[in-house]
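Here is the structure we will look at.
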Amino acid sequence: MSASVPQGHNWTRGVRKEEEEEDPLDQLISRSGCAAAHFAVQECMAKHQDWRQCQPEVQAFRDCMSKQQAKRREELQRRKEQASAHH
């Protein structure tokens, strides 16, 4: 082999630091509008180390996510109905 031919590849994927650190679940929670409730659950768990002592926080987070999912379903249904009305 010639010395000018590289052995293997030497390219690296250009990934921004934020992309490496941002967990998809965290992105989902942030977009849901429930990040504060999720943070409260995390804080409670860090403090008590027992999810049973964090039930009010867990319930508030669950309620928030349920509301957001219902809004999302309504929006998707509305878009589906609008799309079918145009055809």
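All values derive from a computational prediction rather than experimental measurement. Because only heavy atoms are used, hydrogens play no part in the values below, and waters and symmetry mates are left out as well, while side chains stay in.
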Going by ring pair (Phe, Tyr, Trp, His ring centres under 6.0 Å), name the pairs with one or both residues in residues 63-82, residues two or more places apart or in two chains. none
Over all heavy atoms of both residues, which pair between Ala35 and Ser30 is shortest? Give the atoms and the distance, please. CB-CA, 4.3 Å
Looking only at heavy atoms, the pair that brings Gly33 and Cys64 closest together is O-SG, 4.1 Å
Scan residues 52-61 for pairs that pass salt bridge (charged side-chain N to carboxylate O under 4.0 Å, His left out), counting only residues two or more places apart or in two chains. Asp50-Arg52
Give me each pair satisfying side chain to side chain donor-acceptor pair (under 3.5 Å) with a member in residues 40-49, each pair once, sequence neighbours excluded. His48-Gln53
Output all residues satisfying side-chain hydrogen bond (donor to acceptor under 3.5 Å, both in side chains) with Asp26, sequence neighbours left out; order by chain, then residue number. none
Non-neighbouring partners of Gln77 that pass side-chain hydrogen bond (donor to acceptor under 3.5 Å, both in side chains), sequence neighbours left out: Glu81
Using a 4.5 Å side-chain heavy-atom cut-off and chaining through intermediate ILVMFWY residues, the residues clustered with Leu28 come out as Leu25, Ile29, Val41, Met45, Trp51, Val58, Phe61, Met65
Cut-off 3.5 Å, no hydrogens considered: what does the side-chain donor-acceptor table look like for residues 66-76, sequence neighbours left out?
{"residue": "Ser66", "atom": "OG", "partner": "Arg62", "partner atom": "O", "Å": "3.0"}
{"residue": "Glu75", "atom": "OE1", "partner": "Arg78", "partner atom": "NH2", "Å": "2.7"}
{"residue": "Glu75", "atom": "OE2", "partner": "Arg79", "partner atom": "NE", "Å": "3.0"}

